[in-house]
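Heads up: the structure comes next, in structure tokens.
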Amino acid sequence: MNLAVSTGAPFSAILGVGGYRPRRVVDNAEICTYIDSSDEWIRTRSGIIERRWAAEDETVQMMSVGAARRAMERAGVEPGQIDTVIVSTVTHLYQTPAVATTIASELGATGAAAFDISAACAGFCYGTAMADSFVRTGASKYVLIIGVERLSDMTNKHDRSTAFLFADGAGAAVIGPSDQPGIGPVVWGSDGEQAPLIQQTEPWDRVLGKADAAGPHWPTFRMDGNPVFKWAAYTMSKTAAEALDAAGVSPDDLDVFVPHQANMRITDAMFRALKLPEKVVVGRDIAYQGNTSAASIPLAIETLLDSGEAKSGQTCLIIGFGAGLVYAGQVIVLP
Ligand SMILES: CC(C)(COP(=O)(O)OP(=O)(O)OC[C@H]1O[C@@H](n2cnc3c(N)ncnc32)[C@H](O)[C@@H]1OP(=O)(O)O)[C@@H](O)C(=O)NCCC(=O)NCCS
């Protein structure tokens, strides 16, 4: 028996992006009240000048809805047209249900398929790859992808390797049908052998005191910064080069480069390894946002578009990498 199969649009594209940045700005001087460090060390080793930490009312849901509304407005897509909502987060504090379903309801994307993914700092690129496939196979027409984190909830403010890096925010994109190719092939993967390099300190049964005598305590994310730095700067440059190749875009043809905002020195190392020409505009949002994990790429894209540094229709290489370890990169056309 021949089953009917769905068919979708010839191509997909990002139709609009939007961000939500928490109100409270936390400068390096404040960070240095929690850890033994200095403004100069933080700026030179990470490129971070300040970051934003969410207030109580700036929940994962609230920040997501804010970012999504901006993305939908810019895309010219009504909430009722969104048929799929994908939320990438590692800081939604409910194990279940997914936050995507309540975000869809609050937005008015009534009845949309909705689910969360856990792909850490690669989450936006994982979601973009899924949305591209959904639109081209006809599983979806308009997909809302949101990267959102409240990393401040999961950060030990006295840990010198993470306290100055992690931050909060949300970034969203609407992906829908297009007459022209707007999302290149994804190059993605994982390396579970290196999972311990970035992880929650303990699983829930232990932090709740079930499995040991320590009693309930709050888990945070720990990271072995140096090996992660080397993996990101060297291995991820090769992945980024493969994503360019897969899209048939040469470094000279590229207009914009927006890697996950993990560390300015990682961005610089990738830029050099890829041999990108100086004319390529680079996302450097980390200076004022810190590392917002799944939110960092859409936030950085929004900054470049709003400032006029990058323009609609330009080619942009995005690459996300983080806890898992997981990674994904692709070339997109900016909305
Ligand atoms: C965290 C990170 C900025 C640390 O930078 P680094 O150059 O690797 O630093 P190291 O851990 O090797 O430490 C270098 C020195 O700085 C010191 N140091 C470490 N943290 C410090 C801090 N917060 N303030 C001041 N000094 C610090 C160390 O004690 C060490 O001193 P020593 O040379 O006297 O022994 C960097 O490793 C990084 O960005 N890693 C990847 C982050 C990332 O991408 N994470 C997530 C992927 S999503």
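Any value given below was found using the heavy atoms of this structure, including those in side chains, with hydrogens, waters and symmetry copies removed. One-based numbering, in listed order, for ligands and for the atoms of each.
- Remark: atom 13 (O) of ligand 1 lies closer than 4.0 Å to no protein heavy atom.
- Closest protein heavy atom to atom 48 (S) of ligand 1: Cys121 SG, 3.0 Å.
- Between Arg265 and ligand 1, an N or O atom pair is found at a separation short of 3.5 Å.
- Of all the atoms in ligand 1, the ones that sit under 4.0 Å from a non-hydrogen atom of Ala262 are 43 (C), 44 (O).
- For ligand 1, the atoms sitting less than 4.0 Å from at least one non-hydrogen atom of Met223 are 42 (C), 43 (C), 45 (N), 46 (C), numbered in the order shown with element in parentheses.
- Ser64 has its side chain out of reach of Leu107: every pair of non-hydrogen atoms, C-beta onward, lies at least 4.5 Å apart.
- Shown here, atom 5 (O) of ligand 1 is in close reach of the protein: a heavy atom of it lies under 4.0 Å off.
- The closest non-hydrogen atom to atom 39 (O) of ligand 1, taken over Asn263, Leu165, Asn226, Leu197, comes from Asn263.
- For Lys157, the NZ atom counts as densely surrounded, since its 6.0 Å shell holds more than 12 non-hydrogen atoms of other residues, nucleotides or ligands.
- Close contacts of ligand 1 with His260, meaning ligand atoms under 4.0 Å from a residue heavy atom, involve 48 (S).
- Set against the non-hydrogen atoms of Asp36, the atoms of ligand 1 under 4.0 Å away are 24 (N), 25 (C).
- Within the structure, ring-ring contact (aromatic ring centres under 6.0 Å, His included) contacts touching residues 299-335 (residues at least two apart or in different chains) are His260-Phe321.
- Given atom 1 (C) of ligand 1, the protein heavy atom at minimum distance is Ser161 O, 3.9 Å.
- When only interatomic distances are considered, the shortest N/O to N/O separation between Ser38 and ligand 1 does not fall below 3.5 Å.
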Does the pair Val280 and Phe271 meet the rule for a side chain to side chain contact (heavy atoms under 4.5 Å, CB included), with working shown?
CA-CA 9 Å; Val280 171; Phe271 187 90; 4.2 Å; yes
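- Within the 4.5 Å cutoff, the side chain of Ile175 has heavy atoms near those of the Ile145 side chain.
- Nearest protein heavy-atom neighbour of atom 40 (N) of ligand 1: Gly225 O, 3.0 Å.
- For Asp57, the CG atom is densely surrounded, since the number of other residues' heavy atoms within 6.0 Å is greater than 12.
- When distances from atom 30 (C) of ligand 1 to the protein are checked, no heavy atom turns up under 4.0 Å.
- Relative to atom 9 (O) of ligand 1, the option among Lys230, Glu40, Arg45, Met264 with the closest non-hydrogen atom is Arg45.
- Salt-bridge check for Glu58 with Arg24: failed, with every basic side-chain N at 4.0 Å or more from each acidic carboxylate O.
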Are Thr128 and Gln330 close enough, and set up right, to give a side-chain hydrogen bond (donor to acceptor under 3.5 Å, both in side chains), and what steps lead you there?
CA-CA 9 Å; Thr128 298; Gln330 59 266 85; 5.0 Å; no
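- Of the protein's heavy atoms, at least one falls inside 4.0 Å of atom 45 (N) of ligand 1.
- For ligand 1, none of its N or O atoms has an N or O atom of Ser46 under 3.5 Å away.
- By the neighbour-count criterion of 12 heavy atoms within 6.0 Å, atom CD of Glu73 is sparsely surrounded, having that number or fewer from other residues, nucleotides or ligands.
- In terms of polar-atom proximity, Arg160 is counted as a contact of ligand 1, with an N or O under 3.5 Å from an N or O of the ligand.
- Atom 24 (N) of ligand 1 is approached by the protein to below 4.0 angstrom, counting heavy atoms only.
- Under the 3.5 Å distance criterion, with hydrogens and angles disregarded, no donor-acceptor pair is assigned to the side chains of Thr220 and Gln200.
- Residue Tyr288 qualifies as open at atom OH: its count of foreign heavy atoms under 6.0 Å is 12 or below.
- Looking at Trp41, Tyr34, Phe164, Trp231 and measuring to atom 22 (C) of ligand 1, the nearest heavy atom belongs to Trp41.
- Under the 4.5 Å side-chain criterion, counting only non-hydrogen atoms from C-beta, Val26 is in contact with Arg51.
- Geometrically, ligand 1 and Ile198 share no nitrogen or oxygen pair separated by less than 3.5 Å.
- Residue Phe321 has at least one heavy-atom neighbour below 4.0 Å for each of these atoms of ligand 1: 48 (S).
- For Thr162, the closest heavy-atom approach to ligand 1 does not fall below 4.0 Å.
- In the hydrophobic cluster analysis, where Ile, Leu, Val, Met, Phe, Trp and Tyr join through side-chain heavy atoms closer than 4.5 angstrom, Leu317 is grouped together with Val282.
- Within the structure, every pair that satisfies the salt bridge (Lys or Arg N to Asp or Glu O under 4.0 Å) test and touches residues 260-287, not counting sequence neighbours, is listed here: Arg21-Asp285, Asp268-Arg284.
- For atom 35 (O) of ligand 1, the nearest protein heavy atom is 4.0 Å or more away.
- Of all atoms in ligand 1, listed by their number and element, those nearer than 4.0 Å to a heavy atom of Ile35 are 23 (N).
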Mind running side chain to side chain contact (heavy atoms under 4.5 Å, CB included) on Ile301 and Ile318 for me, showing each step along the way?
CA-CA 9 Å; Ile301 291 174; Ile318 58 175; 4.1 Å; yes
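- Proximity of Ile266 to ligand 1, defined as any heavy-atom pair under 4.0 Å, is confined to the side chain (atoms from C-beta onward).
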